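First the structure, in the form of structure tokens, and then the observations on it.
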Amino acid sequence: MHKINKASGAVIASDTQASVAALDQAVLTQARLCASILETASESQLPMAATQKLLQSVAAGMSGLVASRTDMLSAVRTLNMLQMKSNLKETSFGCPDEYIPTGVDNTEPAKGDLTSA
């Protein structure tokens, strides 16, 4: 059994929640940027060629953010698995139920994953 200081666990939980929220906000901001670019291009009657490279760059950035979100989900699952094997197993740090891992190998979809249906 891992021995984890409760205050340290709370800091990690808080930082994890803030990281997830920041990633979600970044994805949302990128989506808004794409929409704003398309709306402005349409309003300005710009040809497709004038904005294609710009949209590709923004979309690539969003794709990277979504990939980072996938990595964060994996990290959250690993943190939860560590917690379940520690003295803090019964401690709630306010993480949503969908982040509770369903498999020890961390490859099974967690409850709430789109892939678990």
Side-chain angles (χ1 to χ4, degrees):
M1 175 181 282
H2 307 298
K3 301 267 186 205
I4 302 171
N5 178 288
K6 188 173 181 179
S8 296
V11 168
I12 290 172
S14 177
D15 289 347
T16 301
Q17 292 164 356
S19 294
V20 169
L23 277 171
D24 285 351
Q25 185 59 48
V27 171
L28 182 60
T29 300
Q30 286 289 91
R32 286 182 182 143
L33 177 58
C34 277
S36 295
I37 290 168
L38 288 171
E39 288 171 354
T40 301
S42 176
E43 178 183 289
S44 303
Q45 297 181 341
L46 295 174
M48 278 178 69
T51 57
Q52 186 60 28
K53 186 172 182 176
L54 174 60
L55 281 175
Q56 283 178 314
S57 296
V58 173
M62 188 177 341
S63 180
L65 288 169
V66 172
S68 293
R69 196 173 185 273
T70 300
D71 294 337
M72 180 55 75
L73 177 59
S74 178
V76 168
R77 287 179 177 165
T78 301
L79 285 169
N80 277 295
M81 286 179 11
L82 287 169
Q83 181 184 2
M84 293 299 153
K85 295 178 181 179
S86 79
N87 58 305
L88 300 177
K89 180 178 180 175
E90 303 298 325
T91 304
S92 173
F93 291 109
C95 292
D97 289 341
E98 63 263 21
Y99 293 120
I100 296 173
T102 59
V104 177
D105 66 1
N106 202 22
T107 59
E108 293 181 33
K111 184 177 105 182
D113 275 0
L114 293 177
T115 58
S116 66

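Computed from a predicted structure; not experimentally measured.
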Where do [X] and [Y] come nearest, in terms of heavy atoms and distance?
{"X": "Cys34", "Y": "Val58", "answer": "SG-CG1, 3.4 Å"}
{"X": "Leu23", "Y": "Met72", "answer": "CD1-CB, 3.7 Å"}
{"X": "Leu88", "Y": "Gly9", "answer": "CD1-CA, 4.4 Å"}

For the residue pair [X] and [Y], establish whether any side-chain heavy-atom pair is separated by less than 4.5 Å.
{"X": "Thr29", "Y": "Gln25", "answer": "yes"}
{"X": "Lys3", "Y": "Ser86", "answer": "no"}
{"X": "Asn87", "Y": "His2", "answer": "no"}

Strictly distance-based, threshold 3.5 Å: is any side-chain N or O of [X] a donor or acceptor partner for the main-chain N or O of [Y]?
{"X": "Ser74", "Y": "Thr70", "answer": "no"}
{"X": "Gln83", "Y": "Thr91", "answer": "yes"}
{"X": "Thr16", "Y": "Ile12", "answer": "yes"}
{"X": "Ser14", "Y": "Ala10", "answer": "no"}

As an exercise, state the distance from [atom1] of [X] to [atom2] of [Y], rounded to the nearest 0.5 Å.
{"X": "Ser57", "Y": "Ile37", "atom1": "OG", "atom2": "CD1", "value": "9.0 Å"}
{"X": "Leu55", "Y": "Met62", "atom1": "CG", "atom2": "CE", "value": "9.5 Å"}
{"X": "Leu79", "Y": "Met84", "atom1": "CG", "atom2": "CE", "value": "11.5 Å"}

(message) Run the side chain to side chain contact (heavy atoms under 4.5 Å, CB included) test on Gln56 and Gln52 for me, step by step, so that the C-alpha distance in whole Å, both residues' side-chain angles and the decisive distance to 0.1 Å come before the verdict.
(response) CA-CA 6 Å; Gln56 283 178 314; Gln52 186 60 28; 3.7 Å; yes

(message) Given Asp24, which partner from the list Val20, Val27, Leu28 fulfils the side-chain contact (heavy atoms from CB on, under 4.5 Å) test?
(response) Val20

